[in-house]
Amino acid sequence: VCVEDFADPRHRAALADVEVLITGWGCPPLDGAAAALMPRLRVVLHAAGSVRALIGEEFWERGLIVSSAAQANALPVAEYTLAAILFAAKDAFGARERYRTRHRYQHAAETARIGSFGRRVGLIGASRVGRRVLDLLRPFDLAVSVSDPYLGRAEARDLGARLLELDELLATSDIVSLHAPDLPETRHLLDRRRLALMPDGAVFINTARGALVDEPALADELESGRISAVLDVTAAEPLPADSPLYRLPNVFLTPHIAGSLGNELARLGQTAIEELDRYRSGLPLNHQVLREDLARTA
Ligand SMILES: NC(=O)c1ccc[n+]([C@@H]2O[C@H](COP(=O)([O-])OP(=O)(O)OC[C@H]3O[C@@H](n4cnc5c(N)ncnc54)[C@H](O)[C@@H]3O)[C@@H](O)[C@H]2O)c1
């Protein structure tokens, strides 16, 4: 059965019996009221990313088995990021803007610093998305560093990157891409002081969450023209109409499209179905989410 509202009396009987629930974006929270309606629920297969807001205390207490498609959802985010990094390295966003508005054709003085050969890329967070970006960056002649408090030096090397403290990463990267989760500790991780560490001409890419960045401070840096940005996420979404981020020529702004959209949604559904097959065959799930993981994951 397909259920949109757990309280709908037409679904009472089905919910009373249900053992496995496949959920997606927009699913009502599995809270105490839902727990009372689904006494036999054992497994939730979430065909989307984070389960943080979905699974309530009552279900965790009950030992509910939870799986999410966050790994599948990481793939398109990493693809968007790869595209943004390569375009940023070529200054394609800036060149487009100068060509479009001033009919300015490229010349050597402007292009001397441009290109991907040996360009310094810094990734914040060896998360699912961050690791996938690291994989995708392997074939290129880029110098990649990563910053993550949970990552060791040897592991970073195996991922093809140099491990740096966040401040040093910011100060030594031409392109910085943010892939850390939104947690109480990561709120405004990129504050005014840290944003100022980025070298002149740097490009900041955010496909993670707006809450990780002090947005007025970022807007000031962008307004000054010192750095530029590719932003798929902002503190408030949609971004308020009067935000300077809409009109700044050095901001490439997209409306939270990096994650799964269109045909990419089928990959999320496929993950849930594969997990269902594993559960039915008595196999361990590939993407189980443990309650204790939530302290450091998206
Ligand atoms: N734009 C989109 O459409 C879209 C889609 C999916 C995910 N996201 C966002 O992308 C980001 C990454 O998602 P994910 O599923 O890969 O995350 P994840 O759950 O895999 O991230 C967890 C990892 O982040 C790292 N981490 C934790 N705290 C950190 C810190 N302070 N600094 C650096 N690294 C830290 C740790 O390695 C941890 O294991 C999240 O912010 C998520 O919300 C955006």
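All values below were derived from every heavy atom in this structure, side-chain atoms included, with hydrogens, water molecules and symmetry-related copies excluded. Indexing begins at 1, ligand by ligand and atom by atom, following the structure's order.
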Nitrogen or oxygen of [X] less than 3.5 angstrom from that of ligand 1:
| X | result |
| --- | --- |
| D232 | yes |
| I124 | no |
| T186 | no |
| S147 | no |
| A298 | yes |
| R128 | yes |

Taking 4.0 angstrom as the limit and counting only heavy atoms of [X], give me the atoms of ligand 1 inside it, by number and element.
| X | result |
| --- | --- |
| G259 | 2 (C), 3 (O), 5 (C) |
| H256 | 1 (N), 2 (C), 3 (O) |
| V77 | 4 (C), 5 (C), 6 (C) |
| N73 | 5 (C), 6 (C) |
| G125 | 33 (C), 34 (N) |
| T297 | 19 (O), 22 (C) |
| A180 | 11 (C), 33 (C), 34 (N), 40 (C), 41 (O) |
| T207 | 1 (N), 2 (C), 4 (C), 8 (N), 9 (C), 10 (O), 44 (C) |

Identity and distance of the protein heavy atom lying nearest [atom]:
| atom | answer |
| --- | --- |
| atom 43 (O) of ligand 1 | R209 CZ, 3.2 Å |
| atom 22 (C) of ligand 1 | R296 O, 3.2 Å |
| atom 12 (C) of ligand 1 | H179 O, 3.4 Å |
| atom 24 (O) of ligand 1 | P181 CD, 3.2 Å |
| atom 10 (O) of ligand 1 | A208 CA, 3.6 Å |
| atom 21 (O) of ligand 1 | S127 CB, 3.1 Å |
| atom 37 (O) of ligand 1 | D148 OD2, 2.5 Å |

Do R157 side-chain atoms and R153 backbone N/O form a donor-acceptor pair below 3.5 Å?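 Side chain of R157 to backbone of R153, a donor-acceptor pair under 3.5 Å: no, none is there.
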
Looking at Y99, is R104 sitting on its ring face, NZ or CZ under 6.0 Å from the six-membered ring centre and within 45 degrees of the normal?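 That pair does not qualify as a cation-pi contact.
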
Atom pair CD1/CZ of I65 and F59 - distance to nearest 0.5 Å: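 Separation between the atoms: 13.5 Å.
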
Kindly identify the option in G130, P149, S260 whose heavy atom sits closest to atom 30 (C) of ligand 1.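 Among G130, P149, S260, the closest heavy atom to atom 30 (C) of ligand 1 comes from P149.
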
Among L75, D293, V129, closest by any non-hydrogen atom to atom 16 (O) of ligand 1: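 The residue whose heavy atom sits nearest atom 16 (O) of ligand 1 is V129.
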
Pairwise side-chain contact, I227 with D200, heavy-atom cut-off 4.5 Å (strictly under):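 They are not in contact (no side-chain heavy atoms under 4.5 Å apart), so the answer is no.
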
